[in-house]
Every structure is written in structure tokens, then in C-alpha cells.
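To find a chain, count down the sequence lines: A is the first, B the second, and so on, and within it residues start at 1. Because only heavy atoms are used, hydrogens play no part in the values below, and waters and symmetry mates are left out as well, while side chains stay in.
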There are 2 protein chains.
Amino acid sequence: MPSHTEENYLKTIYKLAEAEPGQDVSTNRIAAALTTRAASVTDMLRRLAEKELLRYEKYRGVQLTPEGRRLALLTVRKHRLWEVFLVQQLGFNWDEVHEVAEELEHVQSPLLMQRLDEFLDFPTFDPHGDPIPAEDGAVRRPTHRLLADLEVGDRGTLAAVKDTSAPFPQYLDKVGLALGVQLKVLDKVSFDNSLELRVNRERTVLISAEVGRNLFVT
Amino acid sequence: MPSHTEENYLKTIYKLAEAEPGQDVSTNRIAAALTTRAASVTDMLRRLAEKELLRYEKYRGVQLTPEGRRLALLTVRKHRLWEVFLVQQLGFNWDEVHEVAEELEHVQSPLLMQRLDEFLDFPTFDPHGDPIPAEDGAVRRPTHRLLADLEVGDRGTLAAVKDTSAPFPQYLDKVGLALGVQLKVLDKVSFDNSLELRVNRERTVLISAEVGRNLFVT
DNA sequence: AAAAAATGCCCAGCCACACCGAGGAAAATT
DNA sequence: AATTTTCCTCGGTGTGGCTGGGCATTTTTT
Ligand SMILES: [Mn+2]
Ligand SMILES: [Mn+2]
Ligand SMILES: [Mn+2]
Ligand SMILES: [Mn+2]
């Protein structure tokens, strides 16, 4: 059984590797992501390599083994299934669930997750629009595009959010954006790439390029 | 935040104190309940006393402080609420839930437990018939009587089980007993106090005095 | 009251986990 | 080749939890 901390490391490494498939996952990036020091990371990497959960060539970054990848995906799966439960069943807001899921994801019980999955009717995306890995580790690559990449006249449905730290979802609420709304790009201001959007054919919203780079549409 | 182990100790001490209100909770009883050694218990008792979660007079046993009691009851509450969830919502058998609840009880989120409580419609007893402490720590004393204490001719409804370790509930299933069945004592064999019961006015079951001492009826 | 038995404390130590600063080695950049 | 950046190594800290063996205390027996 991996410890909570080990699972958190594996998950973080998986996500960093995923985010930029080319680059190798470096000690400092992991340290930054987990707000700890490089020395602590090196330490943990040695232990995880010892347990064969990753390959660690010094100065060369790190790569999950199949088993390490399996554990990382399992943790992500649990995290996201719990998030769905919290939002759909317990009425949490989508910006309140992360912390709690961060704890629930460490509960060890395959049967529990199987039953929860069934109870939720086998969801494939979490409340933030992120895909829920299947039990066998398969991840449905969402067909999302960055909102910032759309051209004037393009339409789409808001499907996922990149930055899920609390302030951002709150900002979205405030400007009247939520997952599932229909969007059409009315204008793209050339000098700063900010976007003028029609929302649900009703309202108009202006967002910065920065925001556009944190939203996905289908 | 108390650690998992600390919470388990507090819970165990609370239950031992509850079980026999007169006697003091001794080091060895705690050690036995947690399958660890007396020396380890002494160690933990010192630490819990340090944190003011219990009073510890050496050679004199141990007593929870109000704060320690609060934490113990909170843990019991969480444990039992999760058990209700597992059985009622996820379709677990009542003899499968204990292990998982033993982990879930350590998740720290008052909001979560509040929402879960509401979601379950404020249950007051868990699937084993044990009372769920209220948020303020109030415990409804169940009006149960020991099945073994009934007289010939008495009737009741099976309401709770004392020994919830796996084999016992499985035995109950096998002989056709479950929480909620109607019972009538047909006969009480005087030489070994075994009981002949009518179940739901249909079947007849013979149980030992030992079993009778592990079942509660209302 | 004394002796014997049971109980429980104390000590010293062990191990796992997680973290860190400082300094020097390696790699990337110029 | 020199400089800057990255990151590994080393030694060390603190916490949490567990243990065996010896001794102290309490309880029971006589
Ligand atoms: Mn976590
Ligand atoms: Mn999420
Ligand atoms: Mn527990
Ligand atoms: Mn129970």
C-alpha cells in the first residue's frame, strides 16, 4: 500500500508528464507542484524508484513504470469519481470539492470504487470537465479545443476548465460562465487577443486571452 | 488534527468505557482491543494526555476529557454514517462495510459529513443497529434488550447486533435472521438456556444462549 | 500482614516517513 | 571555456508508532 504522500507524488508526476508529453519531469517542477523542496523530492524519487514505481536516472528526470502509472491513474480515477459524487449527489459547488476529494482519493477499497462508479452511472468526466480514467487505465482523450484557439464565428460548448484553483471558477460564476453553456465567438480583438463571446444566444461577455487559454470547448 | 491512529485509540477507549461504565479502562484492555502491546498503549496514552484528550493517572486507567470525548464521538458518528451510506446507497451487505468505514471515518470535512447526513435523511441508527451520535455529541440510548433476557412468550423485533465481526453476521444470514425480523420466544431450554424462536410467524430457529447474548430486540 | 500473582510503567532503542539546508557535481547555456 | 542553472548527496531534524525486558505498583491469595 502506498502512503498518501506517495500517491500524491505519483499523481503529480503523472499529470506533469501528461501536460507536456515531450519534456521530462524534473525534480524542480515536482517540487514546485507540491510546494516542497527539491531535496525532499529527490528523496522521495529514490524511494519510489526503490519500489519500482518509477525509473529514475539522476539528472535525467523520471518516468513512471507501468505499475506506477497504474497507481497514478487509479488515484486520479478515485479523485474524480468522488468529485462527481460530491457535486451531483451531495450538492457541493464544483469549486468546493477539490480539497475533500484530495483526501477521499486515498481510501483503499476497489469494491467501494466499483460500487460508487455504478451508483453514479459510470460518469466519464468530472465536474471540471476532466476525463475519469477507466478501471483498466484507459483515458478517453476529450475532444476539447482551447477556447483561445477558436476563430471569429466559431461555436462550441464550454466543456472543461484548466485552472481549477478556487478563484478561477468563482470568476467564471461571476461573469456568468458555467460548464455546458453555448458559446459563439463574436470578435477577437487583435491587439490583445481578448474575446467577445455570445453566451447561450442571450448575453455577451468579454474575456481576456489568459482566460481563453484556461477554458476548453467542444 | 489527530492522526488516524489517535482517532482509533480514542474511539476504542470511548467504546470500552461505554461497554462497562463502572470499570476503568485499563492499558491491557486497550492493547487487546487494538491488538498491540501494553507498552505501545502506555506510549500513546502519554501522548494523548499531553494533548489533553484524556486524563491519565498511572496505574489508574484513563478517562476522556470533554474534547477527547467529542473527537471519539465524532469518529463514531462518521463511521456509522458512512456505514449507512454504504449499505443503503451503494448496496453493500451489512457485514462488508466495517473495514471500509474504518478508513472513511478519518476523512476530515465537517461540511462533507453534514451533507452526507442530510443526503441520508438524518439516520439515527447504523446498519448494525448502533446509534449514530448527533453532531452535538448526543447519543440516543437505544431501547434494546438482550434477546437472551426475553422470557417464553415474549415478542420483539431484531434491532441490533453486538458482535459485528464477519463470521457472526454471516451466521445470522445462514440461519435466516436479519435486522427487522419479528421474533417470538417459543421455548427456553433450561439446562443450556438455548432459545427456540419463531421468525416472522413462519419459521422456527434454534439458537444458543451465546448467540442470544449478542442480539438485541425492541 | 506477608507473599505471590497480575498488571502496568519506564527505558532504551528501532524503524519508517517526510522534510530540509548546504555544498558540490553535472548539465545547459553563453 | 566560463558561467549559470539544475539537482544530487550528505548529514541531520522531527514525528509517529511500536517493542522487549526490567522494575514498580496494585491486587489477590494465603
Ligand atoms: Mn491527495
Ligand atoms: Mn477535478
Ligand atoms: Mn479507523
Ligand atoms: Mn456499525
- [ ] Kindly say if A:Thr36 contacts the phosphate of C:dC20, meaning a side-chain N or O under 4.0 Å from OP1 or OP2.
- [x] yes
Open item on the list: Would you call the rings of B:His106 and B:His4 parallel, tilted or perpendicular, taking 30° and 60° as the class edges?
Closed with: parallel
Task: Geometric class of the B:Phe119/B:Phe85 ring pair [parallel <30°, tilted 30-60°, perpendicular >60°] - done: tilted
- [ ] Report the distance from atom CG of B:Leu48 to atom OG1 of B:Thr5, rounding to the nearest 0.5 Å.
- [x] 10.0 Å
Open item on the list: Does C:dC17 have OP1 or OP2 under 4.0 Å away from a side-chain N or O of A:Thr5?
Closed with: no
Task: Lys/Arg N to Asp/Glu carboxylate O, B:Arg70 vs B:Glu67, below 4.0 Å - done: yes
Task: Rounded distance (nearest 0.5 Å) linking atom CE of A:Met44 with atom CD of A:Glu50 - done: 13.0 Å
- [ ] Using a 4.0 Å heavy-atom cut-off across all strands, classify B:Ser3 as base, sugar-phosphate, or nothing.
- [x] sugar-phosphate
Open item on the list: Any N or O donor-acceptor pair under 3.5 Å from the base of D:dC7 to the side chain of A:Asn28?
Closed with: no
Open item on the list: Mind checking if A:Thr42 touches a base, just sugar-phosphate, or nothing, with heavy atoms under 4.0 Å?
Closed with: base
Open item on the list: Pick the closest DNA chain D nucleotide for B:Thr35 and for B:Lys51 by heavy atoms, then say which residue is nearer the 5' end.
Closed with: B:Lys51
Task: Near-strand residues of residues 6-13 of chain B, defined as heavy-atom separation under 4.0 angstrom from DNA chain C - done: none
- [ ] Without swapping roles, check the side chain of B:Ser208 against the backbone of B:Ser194 for a donor-acceptor pair under 3.5 Å.
- [x] no
Open item on the list: For C:dA18 and A:Ser40 - does any side-chain N or O of the residue sit under 4.0 Å from the phosphate oxygens OP1/OP2?
Closed with: no
TODO: Tell me what A:Ala39 touches on the nucleic acid: a base, only sugar-phosphate, or nothing, going by heavy atoms under 4.0 Å.
DONE: base
- [ ] Residues of residues 54-63 of chain B with any non-hydrogen atom less than 4.0 angstrom from an atom of DNA chain C: list those, numerically ordered, please.
- [x] B:Tyr56, B:Lys58, B:Tyr59
TODO: Side chain of B:Arg37 only, please: which of D:dG17, D:dT9, D:dT19 is the nearest?
DONE: D:dT19
Task: D:dC8 OP1/OP2 closer than 4.0 Å to side-chain N/O of A:Thr27 - done: yes
Task: Euclidean distance, atom CE of residue B:Met44 to atom P of D:dT19 [Å, nearest integer] - done: 12 Å
